[in-house]
Amino acid sequence: MSQPTDRDNLPNPLDPEETMSRDQIESIQLTRLKETLDYAYTNVPYYKDKYDAAGVHPTDLKELADLKLFPFTEKEDLRKSYPFGMFAVPQHQVARIHASSGTTGRATVVGYTQQDLDDWAKMGARCLRLSGVKPGWKVHNAYGYGLFTGGMGAHAAAERLGTTVIPMSGGQTEKQITLIKDFEPDAILCTPTYLLTIGDAMQRAGLDPRDTSLKVAVCGAEPWTEEMRHELEEMFGIDACDIYGLSEVMGPGVAGESVELKDGSHIWEDHFRPEIVDAFDETKVLDDGEHGELVFTSLTKQALPIIRYRTHDLTRLMPGSVRPGHRRMGRITGRSDDMIILRGVNLFPSQIEELILKLPALSPHFQLVLTRPGRMDQLAVKVERRAGASAAEAANAANDLAKLIKIHVGSSCAIEVLDPETLERSMGKLKRIYDMRDK
């Protein structure tokens, strides 16, 4: 581990909005929400048509709670308006375009004005600062560059904070290791499963990940558990913090986690109004503390205002801690569209990950395979044993895992323990679920 240097003491002031009270934030939200609803209704035909059909008008919003009167926006709405039908500004004002991969359908396209890009960088910088990254540090960015918002969003945030950015992008794991050794970055930005891939590759090469210069990892773009955080922190001897974002809302930087408490990510509520709705009854807006689906409304976006966007991420809202005016979101427990319904029981990959990492003989590398050999769905958990675990220890762990899943999830499944280095490794976002039921 590297020692503190003069670079650790450069000025690092908070934005004024970060220190605002809850009342101040909600006052800003109400003003900006009225403006955003009117702006979207006036400039995006999709919103005008949808609100007219629902019998609501922007002037119907008198207080924050009235937001529930307005219809949701879904990913499918963006796909139907492909490519630029949801944009609220003429093309010459669009400074940048990003898009989803479109692997499960037509891509969703998002645009940014220069002001949008400035706001995005500012919020991302808040997240990095909150997670312990400091001006003057070197930051290794292993999020993918390109149409995906992760790479360029994290890059702009790190530059805005005043760090030296190493724009490595994803993949080429051996080169990642070389640059980490040679350039000695203080922080790394990547998905949690890809950081695990880098650590595994270091160990295979006879290197100790704890001997690197890294102090902090800021990980996002996929759900991960406290057990995975502990795994990464022990492997590298670092602090690992969460960052949240999604392309349709903005990109990485919507919310960030503090290195001091690691108690959930603060949402920058001067720019977004979050809600939690019942995942099974979207008409119910839930109180803070209740688990449900996260919904976002943008308050300052110009190119692509987004009203009540259903993220399908499952979490809860909690009072702010180190930034009291901004509420925190709990860890994402899963996505409603990643939920597996197995013989009437709902389960998520994160639940399986949590149980696997309770067993020392099993590694964090696993896949869930769904089949239907007869009339009933079957789930197989394929998981690698750790390199130091014997076959007998792995077999015992498999039996224990099956029991834990039955107790805590409520479903029976088959456990297949594989040798180390058997399963596909993450090069960014990792695929956990393989649904073979229709094949």
Side-chain angles (χ1 to χ4, degrees), residues 190-204 208-210 217 219 222-242 262 314 330-335 338-343 345-371 377-426 429-436:
C190 61
T191 64
T193 54
Y194 191 52
L195 185 57
L196 184 68
T197 295
I198 292 173
D200 284 347
M202 284 182 171
Q203 291 173 337
R204 285 198 308 274
D208 185 351
R210 297 179 68 90
C219 298
E222 58 190 15
W224 53 305
T225 60
E226 284 297 318
E227 287 73 17
M228 178 65 85
R229 189 209 301 272
H230 179 74
E231 179 85 16
L232 295 173
E233 291 186 336
E234 285 295 306
M235 175 182 276
F236 283 90
I238 57 173
D239 288 301
C241 294
D242 205 356
K262 299 176 184 174
L314 302 176
R331 275 203 178 276
I332 302 296
T333 57
R335 289 181 52 83
D338 271 351
M339 182 173 69
I340 298 169
I341 303 177
L342 183 67
R343 299 188 293 276
V345 175
N346 301 337
L347 65 93
F348 297 94
S350 58
Q351 292 173 285
I352 306 300
E353 177 180 280
E354 183 177 342
L355 297 175
I356 286 172
L357 289 175
K358 293 181 183 295
L359 301 169
L362 301 181
S363 83
H365 301 289
F366 71 96
Q367 293 176 356
L368 306 180
V369 181
L370 284 162
T371 57
D377 291 345
Q378 303 290 332
L379 173 65
V381 179
K382 295 185 176 183
V383 56
E384 293 180 9
R385 63 177 173 84
R386 292 192 186 268
S390 67
E393 290 171 331
N396 289 334
N399 290 331
D400 291 341
L401 179 59
K403 293 175 184 175
L404 286 171
I405 292 173
K406 181 65 174 177
I407 292 169
H408 293 283
V409 178
S411 184
S412 300
C413 62
I415 310 296
E416 183 180 354
V417 179
L418 307 173
D419 290 336
E421 310 300 327
T422 301
L423 296 175
E424 180 182 0
R425 292 299 190 255
S426 170
K429 287 191 178 184
L430 182 64
K431 183 177 180 181
R432 291 288 197 197
I433 302 171
Y434 291 80
D435 191 345
M436 313 302 291

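Nothing here was measured: the structure is a model prediction, and the numbers come from that model.
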(request) Answer yes if the side chains of T422 and E384 hold a donor-acceptor pair under 3.5 Å, and no otherwise. (result) no
(request) Can you sort out the partners of D400 under salt bridge (charged side-chain N to carboxylate O under 4.0 Å, His left out), two or more places apart, ordered by chain and number? (result) none
(message) Please report the interatomic distance CG(L418) to CZ(R385), rounded to the nearest 0.5 Å.
(response) 10.0 Å
(request) Under the salt bridge (charged side-chain N to carboxylate O under 4.0 Å, His left out) rule, collect the residues that match up with K262, sequence neighbours excluded. (result) E233, D239
(message) Filter on side-chain hydrogen bond (donor to acceptor under 3.5 Å, both in side chains), then keep only pairs touching residues 386-399, sequence neighbours left out; what's left?
(response) E231-R386, S390-E393
(request) Tell me, please, which residues at least two apart from E354 pass salt bridge (charged side-chain N to carboxylate O under 4.0 Å, His left out). (result) none
(request) May I ask you to test the R432-E353 pair for a side-chain heavy-atom distance under 4.5 Å? (result) yes
(request) Kindly indicate whether the side chain of Y434, heavy atoms from C-beta on, has any atom under 4.5 Å from the side chain of K382. (result) no
(message) Suppose we screen for side chain to side chain contact (heavy atoms under 4.5 Å, CB included). Which residues come up paired with P192, at least two apart in sequence or across chains?
(response) C219, E222, W224, M228, L232
(message) Just to verify, what does A402 make a side chain to side chain contact (heavy atoms under 4.5 Å, CB included) with, not counting sequence neighbours?
(response) I415
(message) Has T225 got a side-chain atom pairing as donor or acceptor with S350's backbone, closer than 3.5 angstrom?
(response) no
(request) Give every residue pair that meets the side-chain hydrogen bond (donor to acceptor under 3.5 Å, both in side chains) criterion with at least one member in residues 357-367, sequence neighbours excluded. (result) D200-H365
(message) Are E424 and K431 packed together at the side-chain level, in the sense that at least one heavy-atom pair is separated by less than 4.5 angstrom?
(response) no
(message) I'd like to check the side chain to side chain contact (heavy atoms under 4.5 Å, CB included) partners of T371; sequence neighbours left out, ordered by chain and number.
(response) V369, P373, Q378, M436
(request) Could you tell me the separation between the CG atom of D377 and the CD1 atom of I340, rounded to the nearest 0.5 Å? (result) 10.0 Å
(message) Test of understanding: with side chain to side chain contact (heavy atoms under 4.5 Å, CB included), list the residues that count as partners of H408, not counting sequence neighbours.
(response) L355, L404
(request) Identify, with sequence neighbours excluded, every residue that meets salt bridge (charged side-chain N to carboxylate O under 4.0 Å, His left out) alongside R335. (result) D313, D337
(request) First locate atom CG of L368, then atom CZ of F348, and finally report the distance between them rounded to the nearest 0.5 Å. (result) 12.5 Å
